[in-house]
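This report refers to the structure that appears directly beneath it.
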Amino acid sequence: MSSTVGPAAGRREPARWPRHSYDPLSSGRCGLVTGARRTHGGRHDTHLRLTPHTSGSLPHTSGSLPLTGRVAVVTGASSGIGAATARRLAHGGASVALLGRREDRLEALAGELRRDAPGAVLPVAVDLTDGEAVPEAARAVAGALGTVDLVVANAGVMLGAPFERAPSDEWDRMIDVNLRGLLHTYRAFADDLLAAGARGGPADLVHVGSVGGHALFPDWSVYCATKAAVAHLTRNLRAELGPRGVRVKNIEPGVTGTELGADMQDLGMRETLSRLRSGVGPLAAEDIAEAIAFAVSAPPHVNVAEMVVVPVRQG
């Protein structure tokens with residue numbers, strides 16, 4: 001015996017994914033936020049300053065941009081994948097907070113986006129390894145842009161060397177930025193993301209990991225270990241936060257042409273990295289930005305949970 005199943009029985013038509021299109025008619029204006037910690041008799045205070053930008057702008061009225069109305073935070077936004085992602089999200093309609101250490105670069109990127117992106121742009125100079133400064137930055141973002149519903153935790157460092165002679169301070173730096181900085185980032189914006197998820201709209205926590213989190217790369221052991229930690233953290237947070245409406249995802253780039261690795265102490269490893277990039281035809285930072293934009297533009301009930309993006313020749 002069979003029964004007829006139709007729309008009245010709960011069948012749902014698949015949601016259409018928004019088309020990616022640009023229509024940068026105007027730009028929002030926000031100022032620069034800078035953060036610094038000062039020590040007073042053993043007590044650490046975090047000071048933030050917002051410099052307002054008063055130039056007016058026409059309201060953006062196009063409904064064609066898939067990220068219109070969203071408020072995004074991108075860490076490591078001063079260069080590479082972070083800067084490219086900030087551009088892509090801003091041109092997709094989102095208001096974007098640019099987080100990073102290099103204030104001059106954040107200001108330059110903000111100036112660029114204010115000229116031709118529709119949403120508001122807020123540069124925030126902050127050290128993500130500082131567990132006290134990051135929440136202060138989050139409060140500044142909320143005050144200027146509203147509730148955040150999209151966080152791209154991209155900031156990272158990649159420092160390679162044979163294990164037996166690798167500088168331990170480079171190990172510490174990778175653990176601090178790649179893991180602790182990522183933890184500080186989500187903790188600071190957790191309430192916003194959970195609130196967005198509870199409303200039923202999209203709420204995204206995007207980790208930018210690496211294929212190094214599951215592949216073997218001799219002389220990059222500690223870097224790969226930090227990215228393996230990111231991968232498993234993502235899976236566990238997905239199980240914890242998914243039922244609460246937050247989509248947690250890990251985007252894992254392969255060989256990509258950015259500044260990453262340029263500050264390694266081991267000059268031989270710098271040369272090795274350069275040969276690797278030239279040998280496989282690296283991805284551009286914009287390729288990863290497009291992957292992120294695709295993932296966060298999915299309908300709210302869809303999570304593109306893990307995405308590996310590599311050059312064809314890398315295999």
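The shown structure was predicted, so the numbers you read here are calculated from the model rather than taken from an experiment. Quick note: residue numbers are just sequence positions, from 1.
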Would you mind checking if [Y] and [X] are paired as a salt bridge, meaning a charged N to carboxylate O distance below 4.0 Å?
X	Y	answer
Arg238	Glu306	yes
Asp263	Arg173	yes
Lys227	Glu252	no
Arg88	Glu286	no
Arg101	Asp127	no

Evaluate the side-chain proximity of [Y] to [X]: yes if any heavy-atom separation is below 4.5 Å, no if none is.
X	Y	result
Leu67	His91	no
Val126	Glu136	no
Thr147	Arg199	yes
Val206	Ile251	yes
His232	Thr234	no
Leu276	Val255	yes
Val74	Leu89	yes
Val208	Ile292	yes

Point to revise | Arg244 side chain vs Ala195 backbone, donor-acceptor pair below 3.5 Å | key: no
Practice item. Tell me whether Leu159 is reachable from Ile175 by hopping between hydrophobic residues (I, L, V, M, F, W, Y) whose side-chain heavy atoms are closer than 4.5 Å. Key: no
I need the [X] [atom1] to [Y] [atom2] distance, nearest 0.5 Å.
X	Y	atom1	atom2	result
Leu113	Leu122	CG	CG	12.0 Å
Asn250	Ser210	CG	OG	9.0 Å
Arg70	Ser297	CZ	OG	7.5 Å
Asn154	Thr85	CG	OG1	6.0 Å
Leu205	Asp149	CG	CG	12.0 Å
Leu237	Leu182	CG	CG	8.5 Å

Practice item. May I have the step-by-step check of side-chain contact (heavy atoms from CB on, under 4.5 Å) for Arg87 and Leu109, ending in yes or no? Key: CA-CA 8 Å; Arg87 289 188 181 97; Leu109 178 57; 3.7 Å; yes
Check your understanding: Taking Val124 as the fixed residue, which of Leu99, Leu106, Val134 is the one that meets the side-chain contact (heavy atoms from CB on, under 4.5 Å) rule?
Key ->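 When side-chain contact (heavy atoms from CB on, under 4.5 Å) is applied between Val124 and each of Leu99, Leu106, Val134, only Leu99 qualifies.
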Point to revise | Of Asp266, Thr272, Leu267, the residue whose pairing with Arg270 passes side-chain contact (heavy atoms from CB on, under 4.5 Å) | key: Leu267
Check your understanding: Given Ser78 and Arg102, is the side chain to side chain donor-acceptor pair (under 3.5 Å) satisfied, shown in steps?
Key -> CA-CA 6 Å; Ser78 58; Arg102 291 176 286 188; 3.2 Å; yes
Check your understanding: Step by step, would you call Thr226 with Asn178 a side chain to side chain donor-acceptor pair (under 3.5 Å)?
Key -> CA-CA 6 Å; Thr226 65; Asn178 298 357; 3.1 Å; yes
Exercise for review: Using the ring pair (Phe, Tyr, Trp, His ring centres under 6.0 Å) rule, pick out the option among Trp220, Phe217, Tyr223, Trp171 that qualifies with Phe163.
Suggested key: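 Going through Trp220, Phe217, Tyr223, Trp171 one by one, the ring pair (Phe, Tyr, Trp, His ring centres under 6.0 Å) with Phe163 is satisfied by Trp171 alone.
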